[in-house]
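To keep things clear, I will list the structure first and then write my remarks on it.
Atoms within a ligand are numbered from 1 in the order they appear, just like the ligands themselves. This is a predicted model, so every value here is computed, not measured. Here, residue 1 is the first one in the sequence, and each next residue gets the next number.
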Amino acid sequence: MDRLLIQAPSGAYHLHFGPGIWAELGELARSFDGVVVVSDQNVAALYAHRLPFPLCVLEPGEGTKSFDQVARLVDQWAELELSRYSLVVALGGGVIGDLVGFTASLFRRGISYVQVPTTLVAQVDSSVGGKTGINTPRGKNLVGAFYQPKGVFIDPAVLKTLPRREITNGLGEVLKYGVIQDGALFELVSRSIPAFYQVALDVVGPVIRRCVEIKGAIVAADETDWGLRRILNHGHTFGHALEQATGYRVYRHGEAVLLGMFLEARLAHYLGLLPAASLREIEAALLRVQLEYRFDQVDKQTLLRALGQDKKNRAGAISFILPREIGKVEEVLLSAAEVEKFWDEVMGA
Ligand code: ADP
Ligand code: ZN
């Protein structure tokens, strides 16, 4: 069995890869005092039978990341008489992972949980690092906790049933790892976009493994987001602003990140940081992803307002993680006026 150790300061745990995870997780689960699996309707119908334990099934979709569902899960877990020594299994995409991890951090002041991520985004990003949380009407991920799982179990084969748009969504974060840390990974993925849409496991499997290796190392060095972990926000300054400025109705998160990477690569070139040849390589990769570039739906002033609220901002400046080359990024702080000037020039082109 292929494993990778993640050493987060608040606790070490393994990432497990491959088709053997189901049996391995089944065995681990039997050593706990009670187990429950939580999933959504789509994923449960496809994969819940592989984990023969009591099951809570929720509705798919971002709306499920709510206080209501936390309360509902707490109630169901109490009903199942889960103790402090029980285990909760989060089987699904980022929505299930975030909600279940957060609820696990609260139930009986903290109960063990594991992640079985089933979307590309969740496998390469959200299941690793211990960020959990829910949305409220006042903000996405407004409430949450850093709470590490006891393990993450990744079987890339489950991506075979994933809708196409969710592959695009995941490619945003995959290409991001290449730009921030690994030029060879970027090149490989850039050449292999069709293999992702076909879920060719000989390509996709090793890429996922490399992505979580990068994320695991970054998270181990900086568990709570103040230092090195900030580089994971490449593509996310513009990305988050695009999502927010369109009321979270136009783009999936990873799609917004793809557009954000496109804009931030251009910004890096505009500022003289990124050579033209590297910009062309990044643009070529992003153009191979099945995504329409729909910046025209975005109002500039709304976008600038959203950029002004980015959580990385400080001293009145907007923070960007920009590439110097493919595989190396740095933080740059810009005023709103500088960003507006760039936007006018790039979008006017
Ligand atoms: P994300 O991981 O991007 O946060 P979600 O958790 O909302 O996304 O999952 C996206 C959608 O994909 C949901 O409708 C979910 O039910 C569905 N889904 C998740 N994993 C699979 C899978 N392996 N096969 C088919 N559908 C899946
Ligand atoms: Zn992201």
Pick whichever of Val158, Thr119, Val199, Thr161 has a heavy atom sitting closest to atom 19 (C) of ligand 1.
Thr119

At less than 4.0 angstrom from any non-hydrogen atom of Pro60, what atoms of ligand 1 do you find?
14 (O), 16 (O)

SB check Glu213 Arg210 (cutoff 4.0 Å):
yes

What I want to find out is whether Glu173 reaches Lys176 closely enough, with some N-O distance under 4.0 Å, to be called a salt bridge.
yes

Asn42 heavy atoms within 4.0 Å reach ligand 1 at atoms 14 (O), 15 (C), 16 (O)

Under-4.0 Å salt bridge between Arg249 and Glu243:
no

Report the name of the N/O/S atom of Glu173 located nearest to the Zn ion (ligand 2).
OE2

When you measure from the side chain of Ser278 to the backbone of Leu274, do you find a donor-acceptor pair of N or O atoms at a distance under 3.5 Å?
no

Looking at Glu255 and Arg252, does any basic side-chain N land under 4.0 Å from a carboxylate oxygen?
no

Ligand 1 versus Thr118, non-hydrogen atoms closer than 4.0 Å: side chain, backbone, both, neither?
both

Selection from Ser126, Ala122, Gly94, Ser127 by shortest heavy-atom distance to atom 1 (P) of ligand 1:
Gly94

Counting non-hydrogen protein atoms only, what is the nearest one to atom 5 (P) of ligand 1? Give residue, atom name and distance.
Val95 CG2, 3.9 Å

Side chain or backbone of Leu46 under 4.0 Å from ligand 1, or both, or neither, by non-hydrogen atoms?
side chain

Side chain, backbone, both or neither: which part of Glu166 comes within less than 4.0 Å of ligand 1 when only heavy atoms are counted?
side chain

Answer yes or no: is there an ion pair linking Arg84 with Asp33, defined by an N-O contact shorter than 4.0 Å?
no

Just to confirm my output: which protein heavy-atom neighbour is closest to atom 16 (O) of ligand 1, and how far is it?
Asp40 OD2, 2.7 Å

is_close_aromatic(Tyr147, Tyr113), centroid dist under 6.0 Å:
yes

Judged by atom type as modelled, is there a donor-acceptor pair below 3.5 Å linking the side chain of Asn135 to the main-chain atoms of Asn141?
yes

What residue and atom, counting heavy atoms only, is the protein's closest point to atom 18 (N) of ligand 1, and at what distance?
Val43 CG2, 3.7 Å

Considering distance alone, does some N or O of Asn169 sit under 3.5 Å from an N or O of ligand 1?
yes

Give a yes or no on whether the backbone of Gly129 and the side-chain of Gln148 come within a donor-acceptor separation of less than 3.5 Å.
yes

What atoms of ligand 1 come closer than 4.0 angstrom to any heavy atom of Tyr47?
23 (N)

Check whether any heavy atom of Arg252 sits under 4.0 Å from an atom of ligand 1.
yes

For atom 27 (C) of ligand 1, what is the closest protein heavy atom, and at what distance to 0.1 Å?
Leu162 CD1, 3.6 Å

Do Phe238 and Phe320 have ring centres separated by under 6.0 Å?
yes

Note the single closest protein heavy atom to atom 26 (N) of ligand 1, along with its residue, its atom name and the distance in Å.
Pro163 CD, 3.9 Å

The N/O/S atom of His236 lying closest to the Zn ion (ligand 2) is NE2

